[in-house]
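Heavy atoms only: backbone and side chains are in, while hydrogens, waters and symmetry mates are out. Note that the structure is a prediction, hence the values are computed from the model and not measured. Sequence positions, counted from 1, serve as the residue numbers for this chain.
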Amino acid sequence: MEIDLSPKLAKKVYGGDGGSYFAWSPSELPMLREGNIGAAKLALEKNGFALPKYSDSAQVAYVLQGTGVVGIVLPEKEEKVLPVKKGDAIALPFGVVTWWYNKEDTEFVVLFLGDTSKAHKRGEFTDFYLNGSNGIFTGFSTEFVGRAWDLEEDVVKTLVSKQSAKGIVKVSGANLPEPKKEHRDGMTLNCEEAPLDVDIKNGGRVVVLNTKNLPLVGEVGLGADLVRLDGSAMCSPGFSCDSALQVTYIVRGSGRVQVVGVDGKRVLETTIKAGNLFIVPRFFVVSKIADPEGLEWFSIITTPNPIFTHLAGSIGVWKALSPQVLEAAFNVDSATEKLFRSKRTSDAIFFPPPN
């Protein structure tokens, strides 16, 4: 059975004056279910507050726009309150309770990508809110809440019923904790400011998120990267050689993508644009060409330290094979093989536009 790999946009799940929560559905993007991947976005308006919750999935959060505050409580740890901004990636292991707040005029947007192999529903996040109309407090009887927290019944009723909103509220004038810069240490990495792992003039740049620069991704079980492709440049055809899936969100710009799968069949050829999410199956080969304005994407890879094989350039697998093997494999003469080998002699994985 063939799977539709077409890129998709997220759809609104809930929201109000404080902001909205969006998600990609496996019914529209089947590779989410096939790959056990969840994907969602949180967009907070000024004074928008995402109520405390935890998820059934380990996740990587990536700030797409604006600045904000995130509160994080790791199991058996004290709360950390981090200032976060565009380009920040935050690893969120299982059991983490988080809340998010935007006190600025600019909309604060966060992308969530994660592993749903242990989730209630494959390809979807299930969030458990601590309070609100769908919060855990509302499910317990007043007797249980009262005994657990040693509270009188009237106080319990106030706690359970006072917050009538679901998930996101607007809290103008709220006295929330001030973020501390030192709480960022070991919790987040700004992919737009981190040292570049790849930097090709007129081609593109890559920052890889792994256990070396953000050890918490080891607990999440996911790696990630931010790729910025210059105008009309090309990303070399390549594949994940450690059986990992590539889940790609287009942050900015537009371009063309092709994916080739089993039996040399091209399984995807389309235009991608900001807001699109698409998934490349294990071992399938993908390549992208940016439009003139460039192309930027954030990806998670379903292993904390991904390994890729590229097919073009001096580091490409074709260049590693002996000339005789290439002549026999392509069924060509030595002159054609030499021409093939002489091209793309740099070790780049990004190719600038042709002159």
Does D333 CG have over 12 foreign heavy atoms under 6.0 Å away?
-> yes
When rounded to the nearest 0.5 Å, the distance separating CG of D105 from CG of N47 is 9.0 Å
If we ignore angles and hydrogens, is there a donor and acceptor under 3.5 Å between the side chains of S299 and T248?
-> yes
Hey, any chance L51 and V109 share a hydrophobic cluster, counting ILVMFWY side chains that come within less than 4.5 Å of each other, even indirectly?
-> no
Which pair of non-hydrogen atoms, one from G66 and one from T106, has the smallest distance, and what is that distance?
-> CA-CG2, 4.3 Å
F112 and S55, any side-chain heavy atoms less than 4.5 Å apart | no
Look at atom CZ of R256 and say whether more than 12 heavy atoms of other residues, nucleotides or ligands are closer to it than 6.0 Å.
-> no
Is the number of heavy atoms from other residues, nucleotides or ligands within 6.0 Å of CD (E152) greater than 12?
-> no
Enter the distance from L159:CG to D154:CG here, rounded to the nearest 0.5 Å.
-> 10.0 Å
Basic-acidic side-chain contact under 4.0 Å: K103, E178 = yes
Tested for salt bridge (charged side-chain N to carboxylate O under 4.0 Å, His left out) against E296, the lone hit among R205, R252, R228 is R252
Do L229 and V247 share a hydrophobic cluster, counting only Ile, Leu, Val, Met, Phe, Trp and Tyr and linking them when any side-chain heavy atoms are less than 4.5 Å apart?
-> yes
To the nearest 0.5 Å, what is the distance between CD (E327) and NZ (K338)?
-> 8.5 Å
So with a 6.0 Å cut-off around OH of Y14, is the heavy-atom count from everything else above 12?
-> yes
Minimum heavy-atom separation for E107 to Q65, with atom names?
-> O-NE2, 3.2 Å
Please report the closest heavy-atom contact between I250 and K273, naming both atoms and the distance.
-> CB-O, 3.2 Å
Note, D115 side chain near N36 side chain (heavy atom, < 4.5 Å) = yes
Side chain proximity check, I136 to Y54, heavy atoms < 4.5 angstrom | yes
Side chains of K41 and W24 in contact at under 4.5 Å (non-hydrogen atoms) = yes
Can you check side chain to side chain contact (heavy atoms under 4.5 Å, CB included) on V70 and D88, steps first, answer last?
-> CA-CA 11 Å; V70 56; D88 277 345; over 6 Å; no
Name the orientation class of the two ring planes belonging to F128 and H120 (parallel below 30°, tilted from 30 to 60°, perpendicular beyond 60°).
-> tilted
Under 4.5 Å between any side-chain heavy atoms of W100 and I168, yes or no?
-> no
E79 atom CD, neighbour heavy-atom count above 12 within 6.0 Å = yes
Would you say V69 and W99 make side-chain contact, with heavy atoms under 4.5 Å?
-> yes
Proximity of W149 and F137 rings by center, below 6.0 Å | yes
For the residue pair T271 and N276, what are the closest heavy atoms and their distance?
-> O-OD1, 4.2 Å
Should I300 and F284 be regarded as members of a common hydrophobic cluster, given that ILVMFWY residues are connected when their side-chain heavy atoms come within less than 4.5 Å of each other, either directly or indirectly?
-> yes
Taking 4.0 angstrom as the limit, do D17 and K170 come out as a salt bridge?
-> no
Please tell me if the side chains of T116 and F125 come closer than 4.5 Å, counting only heavy atoms from C-beta onward.
-> yes
How about L113 and F298: do any of their side-chain heavy atoms sit closer than 4.5 Å?
-> yes
Which pair of non-hydrogen atoms, one from E124 and one from D56, has the smallest distance, and what is that distance?
-> O-OD1, 4.3 Å
Might you point out which heavy atoms bring S236 and S287 nearest each other, and give the distance in Å?
-> C-OG, 4.1 Å
Interatomic distance, CG@L151 vs OG1@T158, rounded to 0.5 Å, equals 10.5 Å
Look up atom CG in D225 and atom CD in Q246, then write down how far apart they are to the nearest 0.5 Å.
-> 8.0 Å
To the nearest 0.5 Å, atom NZ of K80 lies from atom CG of L74 at 8.0 Å
